[in-house]
Enquirer: 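Take this structure, written in structure tokens, and hold onto it; I'll ask about it next.
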Number of protein chains: 2
Amino acid sequence: MQNQSTEDYIKGIYQLRRRTGAAVSTSDLARHLKVGDGSVTDMVKRLSAKKLLNYVPYKGVTLTEVGVKLAMKTIRRHRLWEMFLVRHLGYSWDEVHEEAERLEHVTSLELEERLDRALGSPSVDPHGDPIPTREGELKELIHPSVAECREGGRYRIARVSDESPEVLQYLKKLGLTLNKRIAIKQMIKFDGSVIVEWNKREIFLSGLMARNIFVEEA
Amino acid sequence: MQNQSTEDYIKGIYQLRRRTGAAVSTSDLARHLKVGDGSVTDMVKRLSAKKLLNYVPYKGVTLTEVGVKLAMKTIRRHRLWEMFLVRHLGYSWDEVHEEAERLEHVTSLELEERLDRALGSPSVDPHGDPIPTREGELKELIHPSVAECREGGRYRIARVSDESPEVLQYLKKLGLTLNKRIAIKQMIKFDGSVIVEWNKREIFLSGLMARNIFVEEA
DNA sequence: ATATATATTTAGGTAAGCCTAAATAATCGA
DNA sequence: TCGATTATTTAGGCTTACCTAAATATATAT
């Protein structure tokens with residue numbers, strides 16, 4: 001793969017931290033970025049010298065205020081591009097991640113503003129992930145996954161994890177996109193899979209699928 | 001400035017060669033890319049090893065077939081982006097060069113195709129520069145500059161050099177954009193400046209301006 | 001044709017990101 | 001709490017793209 005940029009490291013740290021809360025270990029970061037452990041220690045020292053993060057050997061890293069700002073800027077640009085590619089260039093939601101991953105790094109403030117304007121300042125991207133504001137504010141939306149729903153409940157699809165294209169492709173094929181309304185028919189405890197009803201059809205979701213689709217009571 | 005990529009070197013060679021015809025000297029390339037002479041010799045050897053160009057020490061470089069292909073691809077992406085930024089994001093023609101300079105390097109074939117489709121396969125960019133085809137064909141349009149016109153002649157503005165933002169900004173302020181029709185009122189031999197008429201107004205163009213605006217008999 | 005000027009290459013260095021293997025620190029189980 | 005396992009850092013190297021200054025070609029002018 002291509003070399004990881006400063007922005008990739010910072011974004012990675014931000015995203016891993018959101019999951020775990022605590023400082024991010026260098027080896028977790030290494031796995032996330034698909035580089036060697038030693039490479040991360042190396043890079044992390046440089047980024048620490050640039051005051052983008054705090055590094056305590058053997059303890060992991062946390063972003064500084066400046067680091068968080070950079071993460072927000074990068075995530076904002078990423079999500080604006082995803083939205084733009086879907087709305088203005090006809091991409092589907094499973095095709096935009098990789099493109100945005102590259103475009104986010106070459107986006108000027110001017111371009112960011114124009115993308116935002118062209119989209120009418122959207123608050124979420126095509127997967128339902130919130131887009132940080134121009135000022136770097138991000139309101140994390142906390143939605144339960146389908147795996148945590150109650151049988152018989154009715155929900156609106158609020159977000160789908162963009163980590164695995166497979167989930168996105170499967171849902172695309174079903175037509176089960178953002179904001180669609182579903183009913184939970186059956187929760188299968190044995191393997192965590194779920195049967196939902198949508199559009200008068202019963203749809204089977206594996207446990208993995210169910211854990212990657214997030215909903216809101218409706 | 002940022003490091004120059006392989007694509008920048010190849011594109012630079014292509015463009016310099018179009019001007020002079022012969023092999024491109026390493027120092028001309030260095031000036032063009034704003035890097036040291038020694039750096040170019042260095043890079044040129046690497047690109048030669050990759051078969052993108054032919055390098056004869058002390059004689060300069062020429063692109064191989066593969067090199068020309070890469071130049072065409074890069075120029076196509078650059079010009080499609082310029083067109084897209086103008087048509088779909090409201091940029092003006094003097095603002096797009098730098099953005100396109102970055103975007104061209106992170107554009108997948110898929111994205112290239114979608115830009116092209118969204119624009120209806122345009123044949124020229126916002127400055128009138130021809131856009132290479134998908135297959136890498138570029139038909140160079142040869143237009144005389146305003147500095148070479150004949151007094152009293154009537155012309156259509158076919159292309160404006162995108163090298164200097166100043167020219168583009170000046171013309172933008174006048175409203176004198178692509179395809180506008182002008183009449184040559186007076187050629188001033190002394191310093192090469194030209195007085196043209198457009199929209200019932202007389203417009204003064206310095207010699208430098210005149211040499212950067214290209215026209216077609218009309 | 002030779003000296004001088006100019007163009008080009010070489011040589012030695014730097015910094016960023018990466019790798020692997022060896023060394024060291026932290027953690028966990030008994 | 002001690003020893004083993006696991007996590008993390010260090011050390012030594014590689015590649016790319018850059019720089020500057022010195023060396024060497026080439027071109028020019030008399």
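Throughout, a chain's letter reflects where its sequence line sits, starting with A, and its residues are numbered from 1. Bear in mind the structure is a predicted one, so any value in this text is a computation, not a measurement.
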Enquirer: Apply salt bridge (charged side-chain N to carboxylate O under 4.0 Å, His left out) to B:E166 and list each qualifying residue two or more places apart in sequence or on a separate chain.
Expert: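 Checked B:E166 against salt bridge (charged side-chain N to carboxylate O under 4.0 Å, His left out); zero matches.
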Enquirer: Counting only heavy atoms from other residues, nucleotides and ligands, does the tally under 6.0 Å from CD of A:E98 exceed 12?
Expert: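 At most 12 heavy atoms, drawn from other residues, nucleotides or ligands, come within 6.0 Å of this atom.
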Enquirer: Quick one: B:N3 CG to D:dA17 P, roughly how many Å, whole number?
Expert: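 The distance from CG of B:N3 to P of D:dA17 comes to 7 Å, rounded to the nearest Å.
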Enquirer: Could you pull out all residues at least two apart from A:P130 that satisfy side chain to side chain contact (heavy atoms under 4.5 Å, CB included)?
Expert: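 Scan of A:P130 (side chain to side chain contact (heavy atoms under 4.5 Å, CB included), adjacent residues dropped) gives A:R79, A:L138, A:L141.
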Enquirer: Nucleotides 10-12 of chain D: which of its N/O atoms have a protein N/O under 3.5 Å away?
Expert:
{"from": "D:dT10", "atom 1": "OP2", "to": "A:K45", "atom 2": "NZ", "distance (Å)": "2.5"}

Enquirer: In whole Å, what is the span from the CD atom of B:Q4 to the P atom of D:dC19?
Expert: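 Whole-Å distance recorded here is 9 Å.
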Enquirer: Roughly, in whole Å, what's the span from OH in A:Y9 to P in C:dG17?
Expert: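 That distance rounds to 8 Å.
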Enquirer: Looking at the side chain of B:T26, which of C:dT9, D:dA17, C:dG17 is the nearest nucleotide?
Expert: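 Among the listed nucleotides, the one closest to the side chain of B:T26 is C:dT9.
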Enquirer: Please report, rounded to the nearest Å, how far the P atom of D:dA17 is from the CG atom of B:L47.
Expert: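 Rounded to whole Å, this separation is 8 Å.
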Enquirer: Within the side chain of B:T107, is there an N or O that forms a donor-acceptor pair under 3.5 Å with the backbone of B:L103?
Expert: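 Yes; at least one donor-acceptor contact below 3.5 Å.
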Enquirer: How is A:S25 classified with respect to the nucleic acid when contacts are heavy atoms under 4.0 Å: base, sugar-phosphate, or nothing?
Expert: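 Counting heavy atoms under 4.0 Å across all strands, the contact made by A:S25 is with sugar-phosphate only.
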Enquirer: If you look only at pairs with a residue in residues 1-13 of chain A, which of them pass as a side chain to side chain donor-acceptor pair (under 3.5 Å), with sequence neighbours excluded?
Expert: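 Output for this query lists A:S5-A:D8, A:E7-A:H105, A:D8-A:H105, A:K11-A:E101, A:K11-A:E104.
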Enquirer: Please tabulate, for the side chains in residues 46-60 of chain B, all donor-acceptor contacts under 3.5 angstrom to protein atoms that are two or more places apart in sequence or on a different chain.
Expert:
{"from": "B:R46", "atom 1": "NH1", "to": "B:D42", "atom 2": "OD2", "distance (Å)": "3.3"}

Enquirer: I need the CD-P distance between A:Q2 and D:dT15, as an integer number of Å.
Expert: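 Value for this atom pair: 18 Å.
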Enquirer: Could you tell me the separation between the NZ atom of B:K50 and the C1' atom of D:dT15, rounded to a whole number of Å?
Expert: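 Result: 10 Å.
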Enquirer: Would you kindly give the CE-to-P distance between A:M1 and C:dC18, to the nearest whole Å?
Expert: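 Roughly 10 Å, once rounded to whole Å.
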Enquirer: Can you check the A:L29 CG to C:dC18 C1' distance for me, whole Å?
Expert: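 To the nearest whole Å, that distance equals 15 Å.
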Enquirer: Give a yes/no answer on whether the side chain of A:R46 brings an N or O atom under 4.0 Å of OP1 or OP2 in C:dA15.
Expert: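 No, because none of the side-chain N or O atoms of A:R46 sits under 4.0 Å from OP1 or OP2 of C:dA15.
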Enquirer: List the residues meeting ring-ring contact (aromatic ring centres under 6.0 Å, His included) with A:H143, not counting sequence neighbours, and say none if there are none.
Expert: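 With neighbours one apart ignored, the set is empty.
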